[in-house]
Novice: 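For reference, the structure I am asking about is given below.
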Amino acid sequence: QVQLVESGGGLVQAGGSLTLSCTASTNIVSPYVMAWYRRVPGEQRIRVAAILTTGDAVYVDDVKDRFFISRPNAQNTQFLQMNNLKPEDTGVYFCNLILGGSVYWGQGTQVTVSS
């Protein structure tokens, strides 16, 4: 069982930045997908960013050029750099890992962007 521990959420004013981190309890070997999902009350959880084994990153349209996902030096930690935050970015952000045919989730971290 892989544990994912997130950190970095908080309250920020619109236009500000936050960096989320997610650390896995085990070595991550190929192939894998690491991602961040956002959940807003009353709505389904959506994937906002993902990084693939190849190092390629994908983003949902409304965060492109503002959010950047990375996994430096192939470590067990991934980061989500969030810039120019907007009130609509508010939600609970969950780290997600697909590894060895299994799916793992972190506990979630709250991000609140005030206008």
Side-chain angles (χ1 to χ4, degrees):
Q1 185 74 9
V2 177
Q3 306 295 323
L4 300 176
V5 179
E6 300 133 333
S7 63
L11 173 65
V12 64
Q13 288 188 330
S17 298
L18 283 174
T19 299
L20 306 182
S21 65
C22 172
T23 299
S25 61
T26 188
N27 291 329
I28 299 173
V29 296
S30 302
Y32 70 88
V33 178
M34 295 189 80
W36 289 94
Y37 284 70
R38 178 176 67 220
R39 187 181 69 196
V40 176
E43 298 182 8
Q44 286 191 336
R45 192 160 43 185
I46 64 167
R47 191 177 74 178
V48 296
I51 188 164
L52 313 179
T53 305
T54 58
D56 294 324
V58 293
Y59 302 93
V60 69
D61 284 347
D62 65 358
V63 307
K64 283 181 180 177
D65 299 323
R66 297 191 299 120
F67 289 14
F68 301 94
I69 189 170
S70 64
R71 185 188 166 209
N73 300 321
Q75 295 178 353
N76 294 342
T77 299
Q78 63 149 327
F79 299 92
L80 183 66
Q81 174 70 39
M82 305 185 293
N83 301 320
N84 189 22
L85 282 159
K86 303 176 181 181
E88 52 264 41
D89 295 322
T90 294
V92 180
Y93 284 71
F94 295 87
C95 179
N96 169 270
L97 170 65
I98 302 174
L99 179 67
S102 297
V103 181
Y104 305 96
W105 292 94
Q107 78 283 1
T109 184
Q110 176 71 44
V111 172
T112 303
V113 184
S114 63
S115 58

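Because the structure is predicted, anything quoted here is derived from the model rather than measured.
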Novice: Can you give me the closest heavy-atom contact between Ser115 and Ala14, atom names plus distance?
Specialist: CA-CB, 4.4 Å
Novice: Who passes side-chain hydrogen bond (donor to acceptor under 3.5 Å, both in side chains) against Ser70, sequence neighbours left out?
Specialist: none
Novice: Just checking, any donor-acceptor pair under 3.5 angstrom between side chains of Gln13 and Ser114?
Specialist: no
Novice: Between Ile46 and Val58, is there shared hydrophobic-cluster membership here, with clusters defined by ILVMFWY side-chain heavy atoms closer than 4.5 Å?
Specialist: no
Novice: Please give me the minimum heavy-atom distance between Arg66 and Asp89, naming the atom from each residue.
Specialist: NH1-OD2, 2.8 Å
Novice: Please confirm whether the backbone N or O of Gln81 pairs with a side-chain atom of Thr19, one donor and one acceptor, at under 3.5 Å?
Specialist: no
Novice: According to the interplanar angle, ranging from 0 to 90°, do the rings of Tyr93 and Phe67 count as parallel (below 30°), tilted (30 to 60°) or perpendicular (above 60°)?
Specialist: tilted
Novice: Quick check: closest heavy atoms across Ile69 and Ala57, and the distance to 0.1 Å?
Specialist: CG2-CB, 3.6 Å
Novice: Quick one: OH on Tyr59 to CG on Asp65, what's the gap to the nearest 0.5 Å?
Specialist: 9.5 Å
Novice: What's the shortest heavy-atom distance between Thr90 and Val113, and which atoms?
Specialist: OG1-N, 2.9 Å
Novice: Would you find a donor on one side and an acceptor on the other, under 3.5 Å apart, between the side chain of Asn27 and the backbone of Asn76?
Specialist: no
Novice: If I take atom CE from residue Met34 and atom CG from residue Leu97, how far apart are they, to the nearest 0.5 angstrom?
Specialist: 5.0 Å
Novice: Donor-acceptor pair, Glu6 side chain versus Gln107 backbone, under 3.5 Å?
Specialist: yes
Novice: Any donor and acceptor pair, going by atom type alone, linking the side chain of Tyr104 with main-chain N or O of Cys95 inside 3.5 Å?
Specialist: no
Novice: When you check the side-chain N and O atoms of Gln78 and Trp36, is any donor under 3.5 Å from an acceptor?
Specialist: yes
Novice: Which atom names give the shortest non-hydrogen contact between Val12 and Leu18, and what distance separates them?
Specialist: CG1-CD1, 4.0 Å
Novice: Between Ser21 and Phe79 (side chain of the first, backbone of the second, donor and acceptor by atom type, cut-off under 3.5 Å), is there such a pair?
Specialist: no
Novice: Using links of under 4.5 Å between side-chain heavy atoms of ILVMFWY residues, direct or through other members, which residues join Phe94 in one cluster?
Specialist: Val33, Tyr37, Leu52, Val92, Ile98, Val103, Trp105
Novice: How about Asp56: does its CG atom have over 12 heavy atoms from other parts shown lying under 6.0 Å from it?
Specialist: yes
Novice: Whether the side chain of Gln3 engages the backbone of Ser25 through a donor-acceptor N/O pair (distance < 3.5 Å, no angle test) should be reported.
Specialist: no
Novice: Between Asp62 and Lys86, is the salt bridge (Lys or Arg N to Asp or Glu O under 4.0 Å) condition met? List the steps.
Specialist: CA-CA 10 Å; Asp62 65 358; Lys86 303 176 181 181; over 6 Å; no
